[in-house]
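Nothing here was measured: the structure is a model prediction, and the numbers come from that model. Side-chain atoms are counted along with the backbone in the values below, which use heavy atoms only and exclude waters and symmetry mates.
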Amino acid sequence: MTLLDVALAFVQFSGAMILGFGGVKIVYVPLAFYFEWIDRSKPARHRYSIVSSQPLVSIIVPGYNEAVVICKCVESILASRYRKLEVILVDDGSTDSTAAIMSGLADQHVRVRFLSQSNAGKGAALNLGISAARGDILMFVDADGIFAPDTLTFMLDGFDHPDIGAVCGDDRPVNLDRLQTMMLAILSHVGTGLVRRALSLLHCLPIVSGNIGAFRSELVQQMGGFDEETLGEDLELTWRIYRAGYRVRFQPRALVYAESPSTPGGLWRQRVRWARGLLQTLRRHLGMLGRRQYGLFGIFLVFNSITMVVIPILQLAVLSVLPFLYLAGRGPLKAEALALLGWLGLFISLVLVIFAVGLNRSWRDLRFLWTLPLWPLYSVFVGLALASAIVKEARGSPARWNKLERTGVISAGATEPGR
């Protein structure tokens, strides 16, 4: 067998694996539709919701150099229709005026408290906030997050069963002033709105977003708070929620608007950090994969690990090998078949995006469909970020917060209903 034969066999096997695992994800569509049908048909206040008991909610906002965004974040939280809350601002050794602004907000508002520490990372800042929290529910929000008036109420509605340990809301981009952020805005409807609905219905939602997540305080205290050694502290805590026998719920109408990376460099750092967080969490909880004692979630983790780690690397490898095979006249598919697959992929992508936008009632975001030609490039970009993360983890490179540089941009209409 020649080297070309080996390369061709690899491409054929990898292509079949990529198409197979990608095809399985189509089941997310009917699941997301069923989730939405259930969510929209139940009463506005679920009879088992904890809202009626009016629990105190402690909203913890960690910050490092957040001077340009922290005021709008706090103002939006305090404007919530749900009033029984406290806001705990934690400065993580900022080098700008963040600490002074946070302190001023605490002096100005009786429901706001301010804590400060030397720079120790996001996990440590969150744990400091947890130690001071008095609420029955702990909510964690990034310093650029902007709440809708009913965000808190919808989050609390998610705690409608004693087995629900955490609730995840929906975060949407607020800075729609760049080509990159426009593309991310339209893609987020599939990645969050559609996929989170489907996985929540299956009790397999793998992450409660650090930008809009709520947890039962007693449970978080019992588990010792966040892991301060991992970059994916929100992901790792979510997996421990499942390990403890609890479930996680998605609340699509609990909205927070936050900045997306507006530069390729910022997006690269974010995706590498996310990928490293996933790899670190996998290493810590490898024993959960495939274990039936964790219900369907344990089985799902096998599928999720393959699609999030193995498949992107296979895609990069196939893209690297294909040109040489075609130059040698050994391409696995004829030009007509490649064209057919390309058009089919385009059609499926459009249908998924339109369906996801419809689920979120965000029809205005369809104006960003013209970014479609960038989507394949973005997929390759994410795969390269994962490869970089694997190398960094293998080398034991230092794990830093590496947070986004905030711009403070809030595009006109970005926080209005219907987008």
Would a distance-only check, ignoring hydrogens and angles, find a side-chain to backbone donor-acceptor pair under 3.5 Å from S76 to F147?
-> yes

Got a sec: does the CD of E229 have more than 12 other heavy atoms crowding it under 6.0 Å?
-> no

V11: side chain to side chain contact (heavy atoms under 4.5 Å, CB included) partners, not counting sequence neighbours = V318, V321, L322, L325, P332

Student check: side-chain heavy atoms of V87 and L105 closer than 4.5 Å | no

From CG (L296) to SG (C204), nearest 0.5 Å | 3.5 Å

Other residues, nucleotides, ligands: >12 heavy atoms within 6.0 Å of Y82 OH | yes

Taking the side chain as every heavy atom from C-beta outward, state whether L301 and W239 have any atom pair closer than 4.5 Å.
-> yes

For the residue pair L350 and F347, establish whether any side-chain heavy-atom pair is separated by less than 4.5 Å.
-> no

Here the side-chain hydrogen bond (donor to acceptor under 3.5 Å, both in side chains) pairs for residues 377-389, sequence neighbours left out, are R271-Y378

Quick one: do D227 and R240 make a salt bridge, cutoff under 4.0 Å?
-> no

Flag yes if more than 12 heavy atoms outside R395 fall under 6.0 Å of its CZ atom; otherwise flag no.
-> no

Do R253 and D157 come within less than 4.5 Å of each other through their side chains, counting heavy atoms only?
-> no

Give a yes or no on whether a salt bridge exists between R197 and D170, defined as a side-chain N under 4.0 angstrom from a carboxylate O.
-> no

Within-4.5 Å side-chain heavy-atom neighbours: F355 and V190 = no

Do K122 and D142 meet the salt-bridge criterion of a basic N to acidic O distance under 4.0 Å?
-> yes

For G232, does its backbone N or O pair with a side-chain atom of T230 as donor and acceptor, under 3.5 Å?
-> yes

Sequence neighbours left out, what passes side chain to side chain contact (heavy atoms under 4.5 Å, CB included) with T307? Give chain and number order.
-> F21, K25, F303, N304

What are the two closest non-hydrogen atoms of V167 and Q251, and how far apart are they?
-> CG1-CG, 3.5 Å

Measure from the side-chain N and O atoms of Q280 to the backbone N and O of L231, and report whether any donor-acceptor pair falls under 3.5 Å.
-> yes

Euclidean distance, S53 OG relative to L56 CG, rounded to 0.5 Å | 11.0 Å

G225 to I130 - nearest heavy-atom pair and separation | CA-CD1, 4.3 Å

Check: D171 side chain, V256 main-chain N or O, donor-acceptor pair, under 3.5 Å = no

After noting the C-alpha distance and the side-chain angles of V61 and I77, does the key distance pass the side-chain contact (heavy atoms from CB on, under 4.5 Å) rule?
-> CA-CA 11 Å; V61 187; I77 295 171; 4.2 Å; yes

Is the backbone N or O of A67 less than 3.5 Å from a side-chain atom of T98, with the two atoms forming a donor-acceptor pair by type?
-> yes

Non-neighbouring partners of W375 that pass ring-ring contact (aromatic ring centres under 6.0 Å, His included), sequence neighbours left out = none

Does any N or O in the side chain of S94 come within less than 3.5 Å of the main-chain N or O of N65, such that one atom is a donor and the other an acceptor?
-> yes

May I have all residue pairs that pass ring pair (Phe, Tyr, Trp, His ring centres under 6.0 Å) and include part of residues 110-140, sequence neighbours excluded?
-> F140-F215, F140-F226

Pick out which of L372, T371, L377 makes a side chain to side chain contact (heavy atoms under 4.5 Å, CB included) with M183.
-> T371

If you draw a 6.0 Å radius around CD in Q221, do more than 12 non-hydrogen atoms from other residues or ligands fall strictly inside?
-> yes

E259: side-chain hydrogen bond (donor to acceptor under 3.5 Å, both in side chains) partners, not counting sequence neighbours = T407

Report the distance from atom CG of L282 to atom CD of E393, rounding to the nearest 0.5 Å.
-> 10.5 Å

Tabulate below the donor-acceptor pairs under 3.5 Å that side-chain atoms of residues 12-20 make, not counting sequence neighbours, or state none.
{"residue": "S14", "atom": "OG", "partner": "F10", "partner atom": "O", "Å": "2.9"}

Looking at residues at least two apart in the chain, or sitting in another chain, which of them share a side chain to side chain contact (heavy atoms under 4.5 Å, CB included) with S260?
-> P173, N175, T181, L184

Looking at side-chain heavy atoms only, is the closest gap between F35 and R196 below 4.5 Å?
-> no

CD on E228 to CG on N127, rounded to 0.5 Å | 4.5 Å

Under the side chain to side chain contact (heavy atoms under 4.5 Å, CB included) rule, collect the residues that match up with T263, sequence neighbours excluded.
-> R178

Just by distance, with hydrogens left out, do S362 and R172 show a side-chain donor and acceptor under 3.5 Å apart?
-> yes

Sequence neighbours left out, what pairs pass side-chain hydrogen bond (donor to acceptor under 3.5 Å, both in side chains) with at least one residue falling in residues 291-303?
-> R243-Y294, R291-Q293

Taking the inter-plane angle between the rings of W268 and F381 on a 0 to 90° scale, is it parallel (under 30°), tilted (30 to 60°) or perpendicular (over 60°)?
-> perpendicular

Contact check, side chains of F33 and L201, non-hydrogen atoms, under 4.5 Å | no

Between the CE atom in M155 and the CD1 atom in I50, the distance rounded to the nearest 0.5 Å is 10.5 Å

Evaluate the side-chain proximity of D107 to V112: yes if any heavy-atom separation is below 4.5 Å, no if none is.
-> no

Just jot down the side-chain hydrogen bond (donor to acceptor under 3.5 Å, both in side chains) partners of D234, sequence neighbours excluded, or say none.
-> none

Working to the nearest 0.5 Å, report the span between CD of E236 and OG1 of T281.
-> 5.5 Å

Residues forming a side-chain hydrogen bond (donor to acceptor under 3.5 Å, both in side chains) with E86, sequence neighbours excluded | S58, R113, R134

Where is the tightest heavy-atom contact between D144 and A258, given as atom of each residue plus distance?
-> OD2-CB, 3.4 Å

